[in-house]
Each structure stands twice: as C-alpha cells, then as structure tokens.
Amino acid sequence: MRSVGRSRVAPYLFLLPFYLAFAVFWLVPIAASLMYSFTSWTGMGSFEFRGLENYVTLVRDPTFWRALRNTFSYVLIYNAIMLPLATVIALLLNAAVPRLGRAFRTVYFVPVTVSLVVVALVFDLLLNREFGPVNHLLAAIGIDSNPRWLTSSQYAPWTIIMMRVWRATGYYSAFVFAGLQGIPKDIIEAARVDGASELRLTWHVILPQLRPILLFVFVMSSIWSFQLFDEPWILFQGGPGNSTLTILQYLYQNTFLFGKVGYGAAMSYVLTLIIVAFSLLQFRVLDRR
Amino acid sequence: MTRSMQVLLRADGRDIRARLGHWLATAAIVFVLVFFVLVTLAPVYWMVSASFRPQSELFSLDFSLLPRSPTIKNYEDLFARTQFPRWLLNSIVVTLASTVLGVGMGSMAGFAFAKYEFRMKSFLFWLALASVSIPQIVTIIPIFTWFSRIGLTDTYFVLAVPPAVNVFAVFLLRQYIQGLSDDMLESARIDGASEWGVFSKIVLPLVRPGLGAAAIFLWVGSWSAYMWPLVMVQSNALFTLPLGLATLYSNPWDLNYGMLMAGSVLATIPITVAFLLMQEQFISGLTQGAVKG
C-alpha cells in the first residue's frame with residue numbers, strides 16, 4: 001500500500017483509543033477472572049488461592065449440571081426450530097416479487113429491535129393462563145387445556161424457546177437471504193436448463209450453496225443463546241423447580257447474590273470454553289471445504 | 001384440424017397451465033409470508049393495544065381484539081407514579097454517550113486497519129477478533145468488583161463507557177473504509193492534508209452509511225442492555241429503561257400491566273424507528289461480512 005512509510009505513528013495513534021479501552025475493559029478483566037477462578041474470593045478481603053477447587057466443586061454440583069443441560073437443550077431446540085424457519089422465509093422472500101419481498105423483510109426484522117426485557121413482559125401478558133390471547137386462541141381452535149406457560153416446569157422452557165424464536169427468526173433470515181443473493185446465477189440456470197424442478201433445485205443446488213451461511217448463523221445464534229439470561233431471569237428467576245435455570249443465571253446468583261466470586265468466575269470460564277469450542281467448530285467445518 | 005393447429009393449441013394449453021401454476025405458486029408464497037407477518041406483528045400489536053386498555057379490561061375473560069374503552073391513563077400513570085421520566089433520560093444519556101464513543105473509537109481503529117500497513121497489524125486484529133467469542137460476563141465480574149471498590153458503580157460512566165468497546169463496530173467500519181479508493185486519500189495527502197485531516201475530512205464523510213449502521217448497532221445494544229446495568233447500578237435514580245421496567249414488573253404489590261405496556265411501547269419506539277429509517281444500510285452492513293465469510 002502506498003501510505004506505508006508516510007507516517008509510521010499514525011496507525012498506532014488511530015488504534016490507541018480503542019485498544020486502550022479494549023485492554024482496560026476486556027483484556028485485563030479476562031485475565032483477572034481467570035485468576036479469581038482459582039481463589040475462594042468473596043469480592044472482599046484477601047485472595048486465597050485454592051488451585052482447581054472451584055472447578056472440582058463445579059463438576060460435582062448437580063445444580064450446575066442442571067443449568068448446563070437446560071442451556072444446551074435450549075440452544076439446540078431453539079436452533080432446530082429457528083434455522084429451518086429462517087431458511088424457508090428467506091427462500092420464499094427470494095421467490096416473491098422484489099418490491100413485496102423488501103416490505104416483508106422490514107416487518108420480519110421488527111422483533112429483533114424489541115429489547116429482551118420488553119419481549120419478556122409482553123409474552124407474560126400474551127401467555128397469561130386465564131386472560132392471555134394465546135390461550136384464548138388455543139381454546140378457539142378446540143385446545144382447552146389452558147397450558148400454564150408461566151408457572152409449570154413442563155411449559156416454562158417452551159415459553160423461553162418461543163420468545164427466542166419469535167425474536168430471532170426474521171433477523172437471521174436476513175442473513176440467509178443475503179447468502180441467497182450471493183449464489184452464482186449460472187449454477188441455478190444450469191440446473192433449470194437440465195429440467196430440475198424448483199423443489200429439487202432448492203434441495204440439491206441451493207441448500208448446499210447456503211451451507212457456509214447457515215453454519216455462520218448457527219454459530220452466531222448459539223453464541224448468543226448460550227448466554228441466555230434476560231427473559232428467564234425476569235420471568236422465572238430459574239424456577240419453577242430449576243426448570244429454566246441457565247448457566248448465566250446460576251452464575252449471576254452465585255457471584256452477585258451469594259458473593260461466591262471465585263466460583264462464579266470458574267463458571268464463566270466453563271461458559272467461555274463452550275462458546276469458544278462452538279466458534280472453532282465454524283472454522284473447522286469451513287476449512288474442510 | 002391441421003397438424004399445425006393441434007400444435008398451436010397444445011402449446012397454448014401448456015402456456016395457460018404454466019401461467020396458472022405460476023400464479024398459484026406466487027399466491028401460495030404470499031399467503032405463507034403474510035401468515036408470518038401476522039405472527040411477527042401479533043405480540044407487537046398486543047403490546048400497543050394493551051397500553052391503551054384499562055387494567056380491568058386486560059383481566060377480563062371476555063376477549064376482544066380492539067380496546068373497548070381506549071384510554072391514555074396508563075401513559076399518564078407511568079409519568080406521574082413512577083420514575084419513568086428519569087429512566088428515559090438515563091437511557092438517552094447513556095446510549096448517546098456509548099454510541100458516540102463506540103463509533104468514534106471504532107472508526108479510528110477501522111481506518112487504521114483498512115488503510116495502513118504496520119507492525120503487529122494482524123496480531124492486533126486477531127486479538128480483537130478472538131474476543132468476540134468471549135462472553136461479556138467474564139469481564140462483568142472484575143469490572144464490578146473494581147468499580148465498587150473505587151466507588152464508580154452507580155455512575156453514568158460505568159453504564160456508558162465499558163460497553164462502548166465494541167469489536168463489531170471496528171470490523172464493520174473497517175469494511176466500509178476498505179471500499180474507499182487509496183488514490184483519493186493519497187491526493188488529499190499531496191494537497192497537504194494531515195493524517196487526521198484525511199480521516200476527519202475525507203474518510204468520515206464518505207463512510208456515513210457505515211457510521212450509521214455501526215451507530216444503530218451500538219444504539220440497539222446499549223438501549224436494550226439489561227444484565228450490565230442490573231449488576232452495575234443499585235440506585236433507582238440511575239436505572240435505565242430495561243432495568244426500570246423489569247423492576248416495575250417485579251413489584252407484586254403494584255403490578256399494573258397497562259402501565260408496563262405503555263413503558264414497553266415508549267422503550268421500543270426509538271430503536272424500531274431508527275431501524276426503519278436506516279434498514280437497508282443496516283441489513284447490508286450486517287450481512288456483508290457474513291456472506292463474504
């Protein structure tokens with residue numbers, strides 16, 4: 001590049017504000033958390049190093065396993081519903097008249113602009129057992145069981161998944177839609193000339209081409225939902241009977257309510273490991289191509 | 001009937017059938033898309049309509065789609081009986097500060113990565129990239145313990161500044177700035193512009209769409225943040241909107257859903273409107289990087 005040598009310090013000066021803040025608010029805290037995770041620190045007083053004690057306690061903590069299991073099933077079920085739905089929406093948008101498609105796309109993007117706190121409050125009202133419109137609707141089509149969306153350990157997890165799916169599907173369909181625009185037109189034309197039906201074309205030509213973007217969406221949405229906290233914390237605080245306890249809620253309770261800072265820090269590193277493993281998955285799968 | 005007429009008729013029949021098929025397919029597609037629109041908008045509609053209903057109507061077994069006796073009492077109560085105006089002000093101050101700071105730092109760093117070659121460039125870039133997969137909670141724990149020791153919790157500073165460090169903003173702006181031609185920057189330098197002059201007078205005005213996309217990204221994140229203020233702030237006077245609304249909800253003695261929905265509507269409007277104004281830039285900015293891989 002031509003600007004090389006013109007000013008040796010300029011790039012560093014431009015980077016300085018960001019990297020200074022990045023060091024203070026990311027790098028140092030990341031290191032500090034790692035250190036805390038080897039102590040029995042309560043947030044006050046002196047450090048006492050306990051080696052791997054927190055991690056050993058964690059492995060033996062049944063509530064942590066419960067939170068881990070809940071979080072994993074939320075992430076997987078949510079993705080299993082959201083990904084196909086987002087793909088179908090993107091394919092249909094792609095097939096629709098362009099001007100109409102753009103209007104639909106705008107509408108589908110609205111939920112992601114609603115904050116998670118508001119989503120939780122609105123769904124609390126929507127899913128109210130006696131007065132909520134959802135149960136009214138279910139009764140109208142003949143389902144009279146009045147599901148207790150907000151108070152039973154059987155339904156509460158589905159409430160959480162429902163909120164996530166509602167909020168994220170349109171958002172991620174925009175990514176899949178962008179991926180569709182990136183598929184070379186001649187591949188599709190060639191398949192059409194060979195007489196492939198639209199369904200076969202979609203299944204055998206378009207979907208394989210979408211694989212990288214679908215993987216990207218899967219990884220991104222998993223990274224976010226492994227950190228599930230706002231909605232379940234507001235609506236359930238982990239209950240009923242720990243059925244909605246996620247890793248982050250358990251971590252929050254331990255660190256900020258019970259003062260077990262070291263234990264919470266250890267948990268935050270387990271969560272980090274899980275998320276990093278998921279991110280690496282993306283690179284591994286993409287590299288194989 | 002001559003042979004050619006037969007051919008003509010058959011072709012015509014096929015054409016009509018094809019057109020009918022095409023029309024049916026389009027109708028089916030639009031039908032499904034409209035169904036998804038209804039599902040998407042139903043909760044939003046319910047939020048808005050509930051905010052105009054009296055409490056008695058929200059808890060009536062008799063379901064009605066439209067408010068029977070519309071009222072703005074919920075909005076009046078929200079401003080008269082709660083700290084909502086204060087939370088709104090806090091949210092605006094914090095979000096504005098965080099967004100300006102984040103876009104400022106992000107555009108400078110993005111410019112350095114896009115238009116300079118320097119030692120440690122790829123190391124610094126990968127360092128930032130790697131932090132994307134580290135959950136925020138890892139940083140929340142130490143930042144909270146330090147800030148509470150030096151008495152900086154319960155301040156605008158802790159609400160606005162640390163979350164302004166946003167790696168996505170850097171990547172997004174780097175991508176936009178990479179699209180500018182080197183020759184243009186070079187000729188500005190020949191005309192005597194300083195490096196800062198090139199950045200502030202040439203680069204920034206040209207990547208305004210990118211700045212807008214990054215600003216919305218930061219705005220949405222800061223405006224809807226819940227866990228960060230939940231940990232960092234104790235006094236009601238410093239609550240942001242999400243924290244304030246969640247606190248109203250958690251008060252079992254005085255749970256007024258109509259008022260909550262009024263607050264939710266007011267908390268939602270600024271982001272939704274900002275998005276609607278800038279959607280094309282925002283979506284393309286967001287998805288560009290993903291598609292390129």
Side-chain angles (χ1 to χ4, degrees), chain A residues 1-4 7 10-11 14-15 17-18 21-22 25-26 29-30 32-33 43 89 92 95-96 104 106-108 110-111 113-118 121-122 125-126 131 133 136 170 174-175 178-179 182 212-213 216 223 227 229-230 234 248 251 255-256 261 264-265 268 271-272 275-276 279, chain B residues 29-30 32-33 36-37 40-41 43-44 46-47 50 58-59 61 63 105-106 108-109 111-112 115-118 124 128 131 133-135 137-139 141-143 145 162 165 170 182 186 189 195 220 224 226-227 231 242 245-246 249 257 260 264 267-268 271-272 275 279 283 287 290-291 293:
Chain A
M1 209 176 283
R2 247 190 288 170
S3 21
V4 183
S7 168
F14 280 118
L15 288 176
F18 179 82
F22 183 69
F25 298 122
W26 277 93
I30 287 168
S33 264
I89 289 179
L92 292 179
F104 281 122
T106 305
V107 174
Y108 297 147
V110 166
T113 64
V114 181
S115 73
L116 290 168
V117 172
V118 170
L121 302 181
V122 171
L125 197 59
L126 282 173
F131 312 109
H136 271 296
F175 286 80
I213 191 85
F216 172 83
I223 289 179
Q227 302 179 54
F229 177 81
D230 297 11
I234 288 167
L248 213 52
L251 199 167
T255 315
F256 299 107
V261 174
S268 79
L271 182 63
T272 304
I275 292 177
V276 168
S279 321
Chain B
I29 288 171
V30 172
V32 177
L33 287 174
F36 282 127
V37 164
T40 302
L41 291 184
V44 179
W46 199 250
M47 168 175 81
L58 281 175
F59 291 97
L61 281 171
F63 178 82
M105 295 190 300
M108 285 166 73
F111 176 52
K115 291 297 175 193
Y116 291 95
E117 289 303 329
F118 50 91
L124 286 171
S131 78
S133 46
I134 292 183
I137 186 71
V138 175
T139 69
I141 298 174
I143 290 178
T145 56
V165 184
V170 178
D182 290 338
E186 200 56 28
R189 288 194 180 101
E195 297 302 303
V220 171
S224 4
Y226 173 63
M227 193 178 198
V231 171
L245 290 174
Y249 171 78
Y257 273 99
L260 266 180
S264 301
T268 304
I271 332 179
T272 312
F275 161 71
Q279 53 165 323
I283 296 181
T287 50
V291 175

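Chain naming here is simple, since letters A, B, ... match the order of the sequence lines and numbering starts at 1 in each.
The greatest number of non-hydrogen atom pairs below 4.5 Å with chain B, out of A:L125, A:V276, A:V114, is found for A:L125. When each of B:T268, B:I143, B:L260, B:V138 is checked for heavy-atom pairs under 4.5 Å with chain A, B:V138 comes out on top. Ranked by heavy-atom pairs shorter than 4.5 Å toward chain A, the options B:I29, B:L33, B:V170 are led by B:L33. Most heavy-atom pairs under 4.5 Å with chain A, from the set B:A112, B:P162, B:S224: that is B:P162. Ranked by heavy-atom pairs under 4.5 Å with chain B, the first of A:L271, A:V110, A:I234 is A:I234.
In this structure, the portions of B:T40 lying under 4.5 Å from any heavy atom of chain A include both its backbone and its side chain. Using a 4.5 Å cut-off between heavy atoms, B:F59 touches chain A through backbone and side chain atoms alike. With a 4.5 angstrom heavy-atom cutoff, B:A246 touches chain A via backbone and side-chain atoms both. Contact annotation for A:T106: both backbone and side-chain heavy atoms come within less than 4.5 Å of a heavy atom of chain B. Interface remark: A:T272 contributes backbone and side-chain atoms alike to the contact with chain B (heavy atom separation under 4.5 Å). Proximity to chain A (any heavy atom under 4.5 Å) is restricted, for B:F111, to the side chain, taken from C-beta onward.
Looking only at distances, no side-chain donor or acceptor of A:Y108 sits under 3.5 Å from a matching main-chain atom of B:F36. Side chain of A:T113 to backbone of B:I271: no donor-acceptor contact under 3.5 angstrom is found.
Contact detail for B:M105 and A:P17: the closest heavy-atom pair is SD-O, 3.7 Å. In this structure, A:L121 and B:S264 approach most closely via the heavy-atom pair CD1-OG, 3.9 Å. Shown here for A:D230 and B:M227, the closest heavy-atom pair between the two residues is OD1-N, 4.3 Å. Minimum heavy-atom separation, B:S131 to A:W26: O-CZ3, 4.2 Å. Smallest separation of non-hydrogen atoms from A:V117 and B:P242: CG1-O, 3.5 Å. Nearest heavy-atom pair, A:V122 versus B:P43, reported as atom, atom and distance to 0.1 Å: CG1-O, 3.5 Å.
With contacts defined as side-chain heavy-atom distances shorter than 4.5 Å, the pair B:I141/A:P29 does not qualify. Annotation: side chain of B:T139 is in contact with side chain of A:I30 (closest heavy-atom distance under 4.5 Å). Contact check for A:F229 versus B:I137: no side-chain heavy atoms found under the 4.5 Å cut-off.
Partners of A:F104 under the ring pair (Phe, Tyr, Trp, His ring centres under 6.0 Å) rule, at least two apart in sequence or in another chain, do not exist in this structure. Considering only residues two or more places apart in sequence or on other chains, B:Y249 meets the side-chain hydrogen bond (donor to acceptor under 3.5 Å, both in side chains) condition with A:D124.
Here the straight-line distance linking atom CZ of A:F14 with atom CZ of B:F118 works out to 11.5 Å at 0.5 Å rounding. Between A:L126 atom CG and B:M47 atom CE the span is 10.5 Å, to the nearest 0.5 Å.
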